[in-house]
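A quick write-up on the structure given underneath.
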Amino acid sequence: MDPTVLAALTIAAFEDADLDLARTSAQRAVRVEDRLAPAWYYLGLVHERTGNPKQAAHAFQRAHAIDPDTHPLPLVLTDAQWLEASEHAQANLPPAIQAFYVQVPLVWEPYPDRADLQTAAPALNPLIGALFVGVPPLDGDPWKTLPQAVRVFTGNLKHALPSGSTLIDRLSHALLQEALSWTGAGIDDLLTAFPTRR
């Protein structure tokens, strides 16, 4: 099979949370074409999530050596740096969403579990930045009946995906998406009523 087709299959399988197919197709792709950066990068993502850090680091290094602009190396941050980034990210949110996170704790984890990803149909993207804990109320006010927590996935957010995005951008986006998913609010309405601070 054409290695570019295999690379595309790798990405599609990974985004569908089929890590076994993603690994197999990526390995086949790089065996045929050793300089196929996307296949190396997604192979690294699979290795990360299946407990193979050395193989992941090798794959990321290969992707970065081939295409450093599109495939930067994952960030390495201390807990203090993550907390600082979180403060900046929350400061960029609309005030209503900032107030939401005053009341909702953040729980820092490396990656979502496969079971988390398969709670939705189609499956959630393994690179999701955050997930709320709990079920939004059917009859109550979702701004008052809040989630138990929002889980923030550092292992995903350390990757500059989409390419060129900053960590603060990715954190802000992840936190905003989970708050909107919980409350059912529309982003356009929120941004009109509560301009984003910079």
Side-chain angles (χ1 to χ4, degrees), residues 7 10-23 25-26 37-64 67-90 92-93 97 101 104-134 147-182:
T10 296
I11 296 169
F14 181 87
E15 291 180 350
D16 196 42
D18 188 341
L19 300 186
D20 294 331
L21 177 58
R23 180 195 300 107
S25 54
W40 278 115
Y41 199 81
Y42 276 81
L43 181 58
L45 294 174
V46 171
H47 280 315
E48 273 188 329
R49 285 150 186 78
T50 53
N52 299 300
K54 290 184 179 179
Q55 294 94 321
H58 171 73
F60 291 137
Q61 289 283 355
R62 290 291 296 126
H64 182 68
D67 188 352
D69 292 332
T70 305
H71 300 291
L73 294 172
L75 297 174
V76 178
L77 300 175
T78 65
D79 290 346
Q81 289 170 317
W82 277 109
L83 290 175
E84 181 181 3
S86 174
E87 290 172 2
H88 288 297
Q90 291 183 63
N92 281 342
L93 295 171
I97 304 300
Y101 281 107
V104 177
L106 301 182
V107 177
W108 300 86
E109 300 178 7
Y111 310 105
D113 299 326
R114 286 196 195 190
D116 295 328
L117 303 175
Q118 292 163 351
T119 57
L124 297 173
N125 189 319
L127 289 172
I128 192 168
L131 280 174
F132 58 70
V133 178
Q148 300 167 37
V150 168
R151 300 161 63 202
V152 181
F153 302 116
T154 56
N156 288 341
L157 293 167
K158 70 183 181 182
H159 292 281
L161 297 170
S163 181
S165 64
T166 68
L167 174 61
I168 291 172
D169 290 339
R170 296 191 296 278
L171 259 169
S172 291
H173 177 76
L175 294 175
L176 180 61
Q177 288 302 116
E178 288 311 292
L180 295 180
S181 293
W182 180 269

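Here, residue 1 is the first one in the sequence, and each next residue gets the next number.
- Looking at Pro110 and Asn156, their side chains never come closer than 4.5 Å, going by heavy atoms from C-beta outward.
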| request: Apply the test side-chain hydrogen bond (donor to acceptor under 3.5 Å, both in side chains) to residues Thr166 and Asp169: give CA-CA distance (whole Å), side-chain angles for both, the deciding distance (0.1 Å), then the verdict. | output: CA-CA 5 Å; Thr166 68; Asp169 290 339; 3.0 Å; yes
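- With sequence neighbours excluded, the residues forming a side-chain hydrogen bond (donor to acceptor under 3.5 Å, both in side chains) with His159 are Tyr41, Glu48, listed by chain and number.
- Expressed to the nearest 0.5 Å, how far OG of Ser86 lies from CG of Leu106 amounts to 5.0 Å.
- Although no hydrogens or angles enter the test, the distance criterion places no donor-acceptor pair under 3.5 Å between the side chain of Asn125 and the main chain of Ile128.
- Applying the salt bridge (charged side-chain N to carboxylate O under 4.0 Å, His left out) criterion to Asp69, with sequence neighbours excluded, gives no partner residue.
- Residue pairs meeting the salt bridge (charged side-chain N to carboxylate O under 4.0 Å, His left out) criterion with at least one member in residues 112-124, sequence neighbours excluded: Asp116-Arg151.
- Residues His71 and Tyr42 fail the side-chain proximity criterion, which asks for heavy atoms closer than 4.5 Å.
- Among residues two or more places apart in sequence or in another chain, the side-chain hydrogen bond (donor to acceptor under 3.5 Å, both in side chains) test is passed with Thr50 by Asn52.
- Contact of the Leu157 side chain with the Trp82 side chain is registered, since non-hydrogen atoms from C-beta on lie closer than 4.5 Å.
- Between Val133 and Pro147 the shortest side-chain heavy-atom distance does not fall below 4.5 Å.
- Residues satisfying the ring pair (Phe, Tyr, Trp, His ring centres under 6.0 Å) criterion with His58, sequence neighbours excluded, are Trp40.
- No option in Leu124, Leu117, Val150 other than Leu124 meets the side chain to side chain contact (heavy atoms under 4.5 Å, CB included) test with Leu131.
- Between Leu43 and Thr10, the closest side-chain pair of non-hydrogen atoms is not below 4.5 Å.
- With sequence neighbours excluded, no residue forms a side-chain hydrogen bond (donor to acceptor under 3.5 Å, both in side chains) with Thr154.
- Here the straight-line distance linking atom CD of Gln177 with atom CD1 of Ile97 works out to 10.0 Å at 0.5 Å rounding.
- Each of Leu83, Thr78, Asp79 was scored for a side chain to side chain contact (heavy atoms under 4.5 Å, CB included) with Gln81, with one residue passing: Thr78.
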